[in-house]
Protein chains: 2
Amino acid sequence: MDTKTICLAVLSRGAASGYEIKKMCEEGVFHHIHEVGFGSIYPALGKLLEDGLVTVTDTPQEGRPSKKVYRLTPAGRIALLDALSTPPGQDRVRSEFLVRMLFAELLGARTIEDFLDNRLQFLQQRIADMENCECGEMPTVGERFVHGFGLAIYQAMEAYLREHGHEVVGASLLSERAAAE
Amino acid sequence: MDTKTICLAVLSRGAASGYEIKKMCEEGVFHHIHEVGFGSIYPALGKLLEDGLVTVTDTPQEGRPSKKVYRLTPAGRIALLDALSTPPGQDRVRSEFLVRMLFAELLGARTIEDFLDNRLQFLQQRIADMENCECGEMPTVGERFVHGFGLAIYQAMEAYLREHGHEVVGASLLSERAAAE
DNA sequence: CAGATATATATTGATCCGATATATGATGAT
DNA sequence: ATCATCATATATCGGATCAATATATATCTG
């Protein structure tokens with residue numbers, strides 16, 4: 001799934017500028033699913049424009065740089081449906097945190113404990129935020145589904161770290177003692 | 001976390017060729033954490049060699065291309081520890097499946113149901129594989145921890161899809177009926 | 001009033017990824 | 001017996017992606 005499809009998908013919810021697309025990917029439901037940076041969005045929008053899948057209206061603003069609002073064309077809507085209809089590829093995960101846990105025995109117990117605590121705190125914060133948000137207000141069933149999915153996963157992660165975190169800290173302690181002898 | 005660090009990490013478990021590093025990232029515990037392709041591994045090994053963090057022994061074989069076995073140097077081990085000691089960045093997830101669920105209302109109920117069934121089957125297969133594997137045989141605590149973490153997440157995903165999958169299918173059905181009228 | 005944050009677009013260099021090329025042994029199917 | 005496929009093994013290329021940076025200004029905060 002390339003950035004072009006993501007842009008089409010965001011635009012299917014309504015017209016938006018590149019900056020707004022980025023914001024939605026950072027803050028909204030997309031955050032848990034598929035982040036993209038400016039370096040991908042702007043070139044993607046350019047190509048979509050070339051291919052006639054979106055249009056732009058360049059509205060100059062005083063002071064600020066002119067805002068370029070992109071809109072889906074009928075061809076763009078069809079291209080989006082085509083892309084979404086193909087079977088999804090595998091999920092890709094990349095976790096620096098888990099790589100560190102994997103090699104816990106190479107690190108000090110203090111470091112591991114620190115990483116674990118931070119991660120737990122982060123997860124608890126995110127869970128609280130997601131529980132507090134008025135998900136009943138979400139416009140589509142898809143959004144509520146994905147929101148619930150994300151929440152369930154974060155809760156499972158939090159529970160696992162709470163229940164099993166001590167194992168990796170303990171292992172690191174043992175290997176430290178062994179190294180000291 | 002770049003490919004260079006991943007290569008160093010794999011090599012810290014023992015000498016290996018580029019091909020073997022790839023295999024470990026595909027099959028082993030790394031699979032759930034951080035996949036890498038040949039297009040990243042070979043250039044990364046070249047740079048590590050330049051920087052004196054690994055050594056190679058080029059052992060020619062009859063028929064097959066000669067096998068290049070890479071080994072960590074003391075400097076390489078230090079570089080690995082340095083990299084692992086820095087605080088981990090955010091996890092990055094990219095799920096084509098969830099993007100499709102997010103826009104379920106644009107797709108047909110049949111398609112959504114198909115995607116859901118496939119994903120459920122995939123998850124159940126993976127859970128079965130992970131439960132059957134003799135994780136007691138895993139050499140390090142880190143590996144067992146990460147294995148257990150992965151399993152817990154997959155189980156949470158499976159449970160959520162089983163309990164809430166019908167919601168997205170239902171929504172798609174309703175929007176189809178509305179479109180037909 | 002200074003500094004930080006938010007709005008807004010855009011580029012660049014480094015890295016990453018999927019596809020492809022090359023070469024052969026082993027296994028399995030017809 | 002022969003054909004196909006898979007596993008071993010290294011490597012590159014073009015396109016995609018990412019983090020950092022540049023530019024410009026309004027608004028909020030202390």
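Labels below follow one simple rule: chain letters A, B, ... track the order of the sequence lines, proteins then strands, and each chain is numbered from 1.
Here the side chain of B:Arg100 pairs a donor or acceptor atom with the backbone of A:Thr86 at under 3.5 angstrom. A donor-acceptor pair is defined here as one N or O able to donate and one able to accept, closer than 3.5 Å; no such pair exists between the side chain of A:Tyr160 and the backbone of B:Gly150. Judged purely by atom type and a 3.5 angstrom limit, A:Glu96 uses its side chain to pair as donor or acceptor with the backbone of B:Met1.
Look at B:Arg94 and you'll find a side-chain N or O under 4.0 angstrom from OP1 or OP2 of D:dC18. For A:Thr3, a side-chain nitrogen or oxygen approaches OP1 or OP2 of D:dT17 to under 4.0 Å.
Between the two ends of the helix from C:dC1-D:dG30 to C:dT30-D:dA1, each summarised by a five-pair axis, the helix axis turns through 50° (rounded to 10 degrees).
One can place CD of B:Glu50 at 13 Å from P of C:dA14, the figure rounded to the nearest angstrom. Between the NZ atom of A:Lys47 and the P atom of D:dG15 there is a distance of 10 Å, rounded to whole Å. The distance between atom CE of B:Met1 and atom C1' of C:dT15, rounded to the nearest whole Å, is 15 Å. At whole-Å resolution of the value, CG in A:Asp2 and P in D:dG15 are 14 Å apart. Between A:Glu35 atom CD and D:dA19 atom P there is a gap of 8 Å when expressed in whole angstrom units. In this structure, A:Leu45 atom CG and C:dA10 atom P are separated by 9 Å, rounded to whole Å. Between the C1' atom of D:dA26 and the NZ atom of A:Lys67 lies a distance of 14 Å, rounded to the nearest Å. Atom CD1 of B:Ile41 is separated from atom P of C:dT15 by 16 Å (rounded to the nearest Å).
Proximity of A:His32 to A:Val146: side-chain heavy atoms (C-beta onward) are nowhere separated by under 4.5 Å.
Within the structure, side-chain hydrogen bond (donor to acceptor under 3.5 Å, both in side chains) pairs that include any residue of residues 68-80 of chain A comprise A:Thr57-A:Arg71 (at least two apart or interchain).
Taking B:Glu163 as the reference, nothing meets the side-chain hydrogen bond (donor to acceptor under 3.5 Å, both in side chains) condition, with sequence neighbours excluded. In terms of the side-chain hydrogen bond (donor to acceptor under 3.5 Å, both in side chains) criterion, residue partners of B:Asp91 (sequence neighbours excluded) are, by chain and number, A:Ser95, A:Arg119. With sequence neighbours left out, B:His166 forms a side-chain hydrogen bond (donor to acceptor under 3.5 Å, both in side chains) with no residue at all. B:Phe115 is linked by a ring pair (Phe, Tyr, Trp, His ring centres under 6.0 Å) to nothing, counting only residues two or more places apart in sequence or in another chain.
Checked by atom type, the side-chain pair B:Asp82/B:Ser85 shows no donor-acceptor distance below 3.5 Å. B:Asp117 and B:Gln121 share no side-chain donor-acceptor pair at under 3.5 Å.
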Pairs under 3.5 angstrom only: tabulate donor-acceptor contacts from the side chains of residues 33-43 of chain A to other protein residues two or more places apart or in another chain.
from    : atom 1 : to      : atom 2 : distance (Å)
A:His34 : NE2    : B:Arg94 : NE     : 3.3

Can you give me the N/O atom pairs linking the protein to nucleotides 11-14 of chain D at distances under 3.5 Å, or say none if there are none?
from   : atom 1 : to      : atom 2 : distance (Å)
D:dA11 : OP1    : B:Lys68 : NZ     : 2.4

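Grouping Ile, Leu, Val, Met, Phe, Trp and Tyr by side-chain contacts under 4.5 Å, direct or through others, leaves B:Ile78 on its own. Residue B:Val93 is found outside any hydrophobic cluster, as its side-chain heavy atoms come under 4.5 Å of no other Ile, Leu, Val, Met, Phe, Trp or Tyr.
Using a 4.0 Å cutoff on non-hydrogen atoms, no part of residues 76-91 of chain B comes near DNA chain D. The stretch residues 11-27 of chain B has no heavy atom under 4.0 angstrom from DNA chain C at all.
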